[in-house]
Structures are given as C-alpha cells and as structure tokens.
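Take a look at the structure below.
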Amino acid sequence: MKIFVDTANFDDIRTANDWGIVDGVTTNPSLAGREGRPFREIVEEICQIMGERPVSAEVVATDTEGMLKEAREVSSWASNVVVKIPLIPTGIQAITVLCQEGIKVNCTLCFSPAQALLAAKAGATYVSPFIGRLDDIGHDGMEVVAQTRQILDNYDNLDTQIITSSVRHVRHFVRAALIGSHVATVPFAVLEQCFHHVLTDVGLERFLADWEDAGLSIF
Ligand code: E4P
C-alpha cells in the first residue's frame with residue numbers, strides 16, 4: 001500500500017519524507033488555509049520536496065468550466081500535481097474532460113461505492129473515500145473502501161486507485177492495508193503513532209542497558 005501524507009505543512013512533509021516511506025502528499029482547501037501562504041507557493045514547494053511523487057491540490061470552483069480552468073492552472077505549476085475535484089455532477093463532467101487531456105485527477109469527497117464507480121468511469125486516477133467522516137455519522141467507512149475495491153477488481157478497464165482518506169487512527173491505516181486499498185493518506189500525527197509500541201520502547205531501553213552493563217562497543 002502506498003502511503004501519502006495528508007497535510008500542507010512543510011515541516012511535517014519534510015520530516016515524513018526523510019523517513020523514506022512517503023509516496024505522495026494530499027492537501028485540501030482547509031489544510032492549505034492553515035499555512036498562511038499563497039496557495040501556489042504552497043503547492044510548488046510541496047511538489048519540489050516530493051520530486052516525481054504525486055501531490056494533490058484541490059480546485060474550489062463548483063461549475064464545470066470553472067473547475068476546468070482552475071485544474072489546468074494548478075496542473076501547470078508542477079509535473080507531479082494531481083488535481084482534486086469534488087464528487088458532484090459538474091465535477092464528474094470536469095474529470096472526463098481532464099482525463100482526456102492527460103491531467104491526473106483525485107476525485108475527492110467520496111462517501112459511497114456508487115460515487116466511487118462514477119469517478120472510476122470518468123477516468124479519475126484516484127478516488128478518495130472519506131472514512132473518518134463516515135464513522136463520525138455512525139456508518140462503517142471502511143466498508144466503502146472494501147466494496148469499492150471489489151467493484152474495481154471486477155472490471156479490467158477501471159484503473160482508478162483508492163486513496164483511503166480522512167484517516168483518524170492507526171486502526172484505519174491497518175484496515176486500509178488489510179482490505180487492499182491502493183493508498184492511504186494519513187495525517188502526520190497518525191503516521192507518527194504508527195511507529196510507537198510500548199514494547200518497542202521498553203525493549204530498546206533494556207537492550208541499551210544490557211549493552212552498557214557488559215561494556216561492549218561496536219567500534
Ligand atoms: C483527503 O484527501 C482529505 O484531505 C482528508 O483525508 C480529509 O480528512 P478529514 O476528514 O480529517 O478532514
């Protein structure tokens with residue numbers, strides 16, 4: 001499973017990137033708004049950090065023509081930009097056109113397998129089911145990922161990749177991998193949590209103490 005980091009914060013992206021396990025970045029208007037810098041600057045800098053790896057940047061128009069105009073502009077900022085388009089009828093229409101133009105799209109705000117199928121039919125490179133937000137209203141978000149994966153597997157001509165999104169905790173991350181989500185986009189704090197286990201900390205402490213007691217050295 002590919003791991004994307006779900007943030008527009010440079011420090012977090014650099015730190016996660018240094019770990020060597022990050023395959024891409026997703027942003028959204030709320031995340032970009034927190035950074036207090038022009039959107040273009042944010043996107044260009046993240047794209048530079050990520051090299052060839054995909055960076056999702058979202059449009060804010062809601063009509064097809066407006067989305068197409070914004071998408072063409074945003075995608076011209078760097079070769080690894082993936083344009084995020086919301087899953088509404090005008091958005092699906094825009095995705096159809098953008099895919100014909102060779103612009104990569106992440107179809108966002110997906111909350112059902114039916115919606116995901118429409119995004120895939122339109123040719124979206126990625127579709128992003130929002131798991132945490134579904135759980136928040138008492139639904140089983142992961143079931144949407146599982147059903148979408150099954151639908152995509154049923155048809156050879158649907159090449160869309162699922163990005164499990166709105167990930168709130170490590171269990172979401174693990175379940176995404178168990179189900180076979182192509183990607184999980186994970187907030188930095190959740191990615192950090194994935195490292196931690198109390199037995200790792202205790203175990204390391206004991207190894208180091210035993211090593212010191214024995215007076216051993218590597219060099
Ligand atoms: C995905 O691309 C979105 O940016 C993100 O996962 C939304 O998550 P939230 O529900 O925590 O805002």
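Sequential numbering from 1 along the given sequence is applied to the chain's residues. Counting convention: from 1, in listed order, for ligands and their atoms alike. Please read these numbers as outputs of a predicted model, since none were measured by experiment.
Hydrophobic cluster membership for Leu208: Leu204 (Ile, Leu, Val, Met, Phe, Trp, Tyr linked by side-chain heavy atoms under 4.5 Å, directly or transitively).
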**OP:** Please lay out, stage by stage, how Arg40 and Glu44 fare under the test salt bridge (charged side-chain N to carboxylate O under 4.0 Å, His left out).
**Re:** CA-CA 6 Å; Arg40 181 171 180 157; Glu44 285 180 337; 2.9 Å; yes

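Ring-plane geometry between Phe39 and Trp77 is classed as perpendicular, the angle between the planes exceeding 60 degrees on a 0 to 90 degree scale with a lower cut at 30.
Within 6.0 Å of the CD atom in Glu73, the count of heavy atoms belonging to other residues, nucleotides or ligands exceeds 12.
Between Thr26 and Asn28, the closest side-chain pair of non-hydrogen atoms is not below 4.5 Å.
Checking side-chain atoms of Thr96 against main-chain N and O of Ile92 turns up a donor-acceptor pair under 3.5 Å.
Contact residues for ligand 1 (protein heavy atom closer than 4.0 angstrom to any ligand atom): Asp6, Thr26, Asn28, Lys84, Phe130, Arg133, Ser165, Ser166, Arg168.
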